[in-house]
> 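A single structure is presented below for examination.
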Amino acid sequence: MRKQLIDRYGRVARDLRVSLTDKCNLRCQYCMPADGLHWIPKPEILTDDEVKHLLNLAVDRLGINQIRFTGGEPLLRPGLTSIIADMAERHPTVEMSLTTNAIGLDKTAPALVEAGLKRINVSLDTVDRDTFTKLARRDRLQDTLTGIHAAAEAGLDPVKINTVLMPDINDAEAPDLLRFALHHGYELRFIEQMPLDADGIWKRDTMITAADILNRLQQEFDLTPATEPRGSAPAEKWLVNGGPATVGIIGTVTRPFCGDCDRTRLTADGQIRNCLFAQGETDLRDALRAGHTDDELADIWAQAMWGKAAGAGIDDPSFLKPARPMSAIGG
Ligand code: SAM
Ligand code: SF4
């Protein structure tokens, strides 16, 4: 039977974020500790067939019409292309995209496009090699740049760039990043740093806010609010120098968009999260492995979403960050 992922505030989740691995080849300071984390043991990770099963169920029975693959670093998952190909074949109208650091994308982009991937979001926080090495704790700027350009050449469109600014590391680079994106025809979105790093380095009083980013960009560019309705998209958009190019700012902390959230999340180990900041999770993997029917699995997923909180409340004094860091949830 077909149902919707509705919560008690009337929001309907249609956008599924699937983490395919908690592992990564970078160690971005706002996400992972320098030494990495205790990776999820392999037997606990959903197999490719289990991922395909749950994605099909989400589309067939729960009204999901957008799927984003993320991680950790999803390009490290050997089955990525096969999972995308399976979805594209069975559900050609479902929009699929990938969030990646683009390392190695020059080798895989053509196969991903062939499999049915249409769009991509690449994380790039700096165009300066030393800053990249400091922020991501790996000297891989050139690999990321090569991957981004290869994605565009392979036909992925749009290529969106996600940037997190950290105080005293890359916050002065906002205009350079926008110039880079404008020059190559990529769509840049700044994301406010969230308290989701494993080291607990996020600080509310020093974080770079949406207002800070806007002020900094306005010193060098003419920004006017884009008129298209925002809908459930988290980014507030501005036309740059009259357009058509735009820049987006996702103010999860200072300008939350929880009232319009349409997301549900599946972690690499098969846990449903109804919010990035949820304290609890619902185990779909064990239910799947115990042989529950698709109707029963769909019920479990729907129940998990019904309990979604009204808002993440990062700015509330009572806010508690979730036990899993961003890399293990899937951003
Ligand atoms: N490894 C891939 C990447 O970096 O694009 C996918 C996973 S990463 C967790 C997904 C997105 O989350 C990236 O755009 C990254 O910048 C963002 N992210 C990670 N930690 C964050 C934090 N503490 N605050 C805001 N965004 C964060
Ligand atoms: Fe890896 Fe992405 Fe986290 Fe950076 S943000 S450490 S690339 S998962």
> When you look at Glu173 and Thr126, which way does the side-chain hydrogen bond (donor to acceptor under 3.5 Å, both in side chains) test go after all the steps?
CA-CA 7 Å; Glu173 272 199 58; Thr126 171; 2.5 Å; yes
> Distance from Lys134 atom NZ to Asp128 atom CG, nearest 0.5 Å?
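These two atoms lie 10.5 Å from each other.
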> Can a donor-acceptor pair be found, under 3.5 Å and without considering hydrogens, that links the side chain of Trp202 to the backbone of Gln193?
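It does hold such a pair.
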> Which is it for Asn162 and Val122 under the side chain to side chain contact (heavy atoms under 4.5 Å, CB included) test, yes or no, and what are the steps along the way?
CA-CA 6 Å; Asn162 291 349; Val122 178; over 6 Å; no
> Evaluate Leu16 against Gln66 for side chain to side chain contact (heavy atoms under 4.5 Å, CB included), listing each step before the verdict.
CA-CA 6 Å; Leu16 170 59; Gln66 277 187 58; over 6 Å; no
> Is the number of heavy atoms from other residues, nucleotides or ligands within 6.0 Å of CD (Glu114) greater than 12?
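Check fails, neighbour count at 12 or below.
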> Looking at Asn170 and Met166, would you say the former's side chain and the latter's main chain have a donor-acceptor pair under 3.5 Å?
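Answer holds: yes.
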> Establish whether Ile300 and Ile64 are linked, either directly or via other cluster members, by ILVMFWY side-chain heavy-atom contacts under 4.5 Å.
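They do share one cluster, since a chain of ILVMFWY contacts under 4.5 Å joins Ile300 to Ile64.
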> Please examine the side chains of Ile120 and Thr100, heavy atoms only from C-beta on, and report whether any two atoms are closer than 4.5 Å.
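The answer is yes; the side chains approach within 4.5 Å.
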> What's the shortest heavy-atom distance between Arg77 and Thr47, and which atoms?
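Minimum heavy-atom contact is NH2-C, 3.3 Å.
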> Can you find a heavy atom in the side chain of Ser97 that is under 4.5 Å from one in the side chain of Phe69?
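Sidechains of Phe69 and Ser97: no contact.
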> When you measure from the side chain of Asp86 to the backbone of Ser82, do you find a donor-acceptor pair of N or O atoms at a distance under 3.5 Å?
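No, because the side chain of Asp86 does not come within donor-acceptor range (under 3.5 Å) of the backbone of Ser82.
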> Looking at side-chain heavy atoms only, is the closest gap between Leu288 and Glu50 below 4.5 Å?
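Contact flag for Leu288/Glu50 side chains = yes.
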> Can you name the nearest heavy-atom pair linking Cys24 to Asn101, along with the distance?
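Taking every non-hydrogen atom into account, SG-ND2, 3.8 Å.
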> Identify which one of Asp283, Leu54, Thr282 satisfies the side chain to side chain contact (heavy atoms under 4.5 Å, CB included) criterion when paired with Ile272.
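Exactly one pass, corresponding to Thr282.
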> When rounded to the nearest 0.5 angstrom, what is the spacing between CG in Asp262 and CG in Asp15?
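Interatomic distance, Asp262 CG to Asp15 CG, rounded to 0.5 Å: 5.0 Å.
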> How about NZ on Lys23, more than 12 heavy atoms from neighbouring residues, nucleotides or ligands closer than 6.0 Å, or not?
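Counting other residues, nucleotides and ligands, NZ of Lys23 stays at 12 neighbours or fewer.
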> Could you tell me which non-hydrogen atom of Arg255 sits nearest to which non-hydrogen atom of Ala210, and how far apart they are?
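What the structure gives for the nearest pair is NE-CB, 3.8 Å.
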> Under the side-chain hydrogen bond (donor to acceptor under 3.5 Å, both in side chains) rule, what do Arg273 and Thr267 come out as? Steps first, then yes or no, please.
CA-CA 8 Å; Arg273 295 185 62 88; Thr267 64; over 6 Å; no
> Using a 4.5 Å cut-off on heavy atoms from C-beta on, say whether the side chain of Ile161 contacts that of Leu177.
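No. Closest side-chain heavy atoms not under 4.5 Å.
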> Under the criterion salt bridge (Lys or Arg N to Asp or Glu O under 4.0 Å), I'd like the reasoning laid out for Arg138 against Asp143: C-alpha separation, chi angles, the key distance, then a yes or no.
CA-CA 11 Å; Arg138 299 285 187 273; Asp143 294 323; over 6 Å; no
> Return the minimal non-hydrogen interatomic distance between Val164 and Asp125, and the atom names on each side.
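That closest heavy-atom pairing would be N-OD1, 2.9 Å.
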> Check the hydrophobic clustering (I, L, V, M, F, W, Y; side-chain heavy atoms under 4.5 Å; chains of links allowed) and say if Met32 and Leu135 are grouped together.
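Cluster IDs for Met32 and Leu135 differ.
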> May I have the step-by-step check of salt bridge (Lys or Arg N to Asp or Glu O under 4.0 Å) for Asp176 and Arg179, ending in yes or no?
CA-CA 5 Å; Asp176 290 341; Arg179 268 186 288 274; 3.0 Å; yes
> Treating Asp22 as the side-chain partner and Trp39 as the backbone partner, does any N or O pair qualify as donor plus acceptor under 3.5 Å?
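No; judged by distance alone, with no hydrogens or angles, the pair does not exist.
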> Is there side-chain contact between Leu124 and Leu188, with heavy atoms separated by less than 4.5 Å?
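No, every pair of side-chain atoms sits at 4.5 Å or beyond.
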> Apply the test salt bridge (Lys or Arg N to Asp or Glu O under 4.0 Å) to residues Asp60 and Arg90: give CA-CA distance (whole Å), side-chain angles for both, the deciding distance (0.1 Å), then the verdict.
CA-CA 10 Å; Asp60 283 337; Arg90 294 195 211 206; over 6 Å; no
> Taking all atoms of both residues into account, what is the closest heavy-atom pair of Pro195 and Ile314, and its distance?
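Minimum heavy-atom contact is CG-CG2, 3.6 Å.
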> Are Met207 and Ile201 joined in one hydrophobic group, where the rule is that I, L, V, M, F, W and Y side chains link up if heavy atoms are under 4.5 Å apart?
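Linked within one cluster.
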> For residues Ile6 and Leu57: do they belong to one hydrophobic cluster (side chain heavy atoms under 4.5 Å, members Ile, Leu, Val, Met, Phe, Trp, Tyr)?
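Different clusters.
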> One thing to verify: whether Asp260 and Arg11 come together as a salt bridge, which I'm taking to mean a side-chain N less than 4.0 angstrom from a carboxylate O.
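No.
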> Does any donor atom in the side chain of Glu73 or Thr21 lie under 3.5 Å from an acceptor atom in the other side chain?
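Checked: Glu73/Thr21 side chains show no N/O donor-acceptor pair below 3.5 Å.
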> How far does CE of Met326 sit from OG of Ser19, to the nearest 0.5 angstrom?
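The CE atom of Met326 sits 10.5 Å away from the OG atom of Ser19.
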> If you look at every heavy atom in Gly116 and Ala88, which pair is closest and at what distance?
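Smallest interatomic distance, heavy atoms only, reads CA-CB, 4.0 Å.
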> Given side chains that start at C-beta, do those of Leu156 and Leu112 come closer than 4.5 Å, heavy atoms only?
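Not in contact.
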> Using modelled atom types only, decide if a donor and an acceptor are shared between the side chain of His292 and the backbone of Ala287 within a distance under 3.5 Å.
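Side chain of His292 to backbone of Ala287: a pair is present.
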> Are the side chains of Leu182 and Phe221 in contact, using a 4.5 Å heavy-atom criterion?
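Sidechains of Leu182 and Phe221: in contact.
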> With side chains defined as the heavy atoms from C-beta onward, is the minimum distance between Glu296 and Thr293 less than 4.5 Å?
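Yes, their side chains come closer than 4.5 Å.
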> Quick one: OH on Tyr186 to NE2 on His149, what's the gap to the nearest 0.5 Å?
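Separation between the atoms: 4.5 Å.
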> So, Glu95 and Arg119, do they make that salt bridge, N to O below 4.0 Å?
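Result for this pair is yes, salt bridge flagged.
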> Can you tell me if His91 and Asn56 form a side-chain donor-acceptor pair at under 3.5 Å?
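Result is yes, a qualifying pair exists.
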> Just wondering, more than 12 heavy atoms not from Arg129 lying within 6.0 Å of its CZ?
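Open.
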> Would you find a donor on one side and an acceptor on the other, under 3.5 Å apart, between the side chain of Arg285 and the backbone of Asp269?
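Yes; at least one donor-acceptor contact below 3.5 Å.
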> Decide side chain to side chain contact (heavy atoms under 4.5 Å, CB included) for Met87 and Val59; before the verdict, give the C-alpha distance in whole Å, the side-chain angles of both, and the deciding distance to 0.1 Å.
CA-CA 9 Å; Met87 278 312 292; Val59 173; 3.7 Å; yes
> Does this structure show an ion pair linking Arg27 with Asp35, if we count only N-O contacts that are shorter than 4.0 Å?
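Looking at Arg27 and Asp35, the cut-off is not met.
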> Please answer: with hydrophobic residues joined when any side-chain heavy atoms are less than 4.5 Å apart, are Leu105 and Leu76 in the same cluster?
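Different clusters: Leu105 never reaches Leu76 through Ile, Leu, Val, Met, Phe, Trp or Tyr contacts under 4.5 Å.
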> Let's go through Arg265 and Ile329 carefully: what are the C-alpha distance in whole Å and the side-chain angles of both, what is the deciding distance for side chain to side chain contact (heavy atoms under 4.5 Å, CB included) to 0.1 Å, and is it a yes or a no?
CA-CA 8 Å; Arg265 292 170 190 276; Ile329 296 174; 4.1 Å; yes
> For Gln219, look at atom CD and say whether over 12 heavy atoms of other residues, nucleotides or ligands are found less than 6.0 Å away.
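Enclosed: over 12 neighbouring heavy atoms sit under 6.0 Å from CD of Gln219.
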> Just by modelled atom types, is the Leu62 backbone N or O under 3.5 Å from a matching donor or acceptor in the Lys3 side chain?
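Here the side-chain-to-backbone pair does not exist.
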> We want to know whether Thr264 and Trp301 form a side-chain donor-acceptor pair, criterion being a heavy-atom distance below 3.5 angstrom.
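A pair is found: one side chain offers a donor N or O, the other an acceptor, under 3.5 Å apart.
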> Supply the atom-to-atom distance Thr108 OG1 to Leu80 CG, rounded to the nearest 0.5 angstrom.
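These two atoms lie 7.5 Å from each other.
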> When rounded to the nearest 0.5 angstrom, what distance separates OG1 in Thr133 from CG in Asp139?
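Here the rounded value is 4.0 Å.
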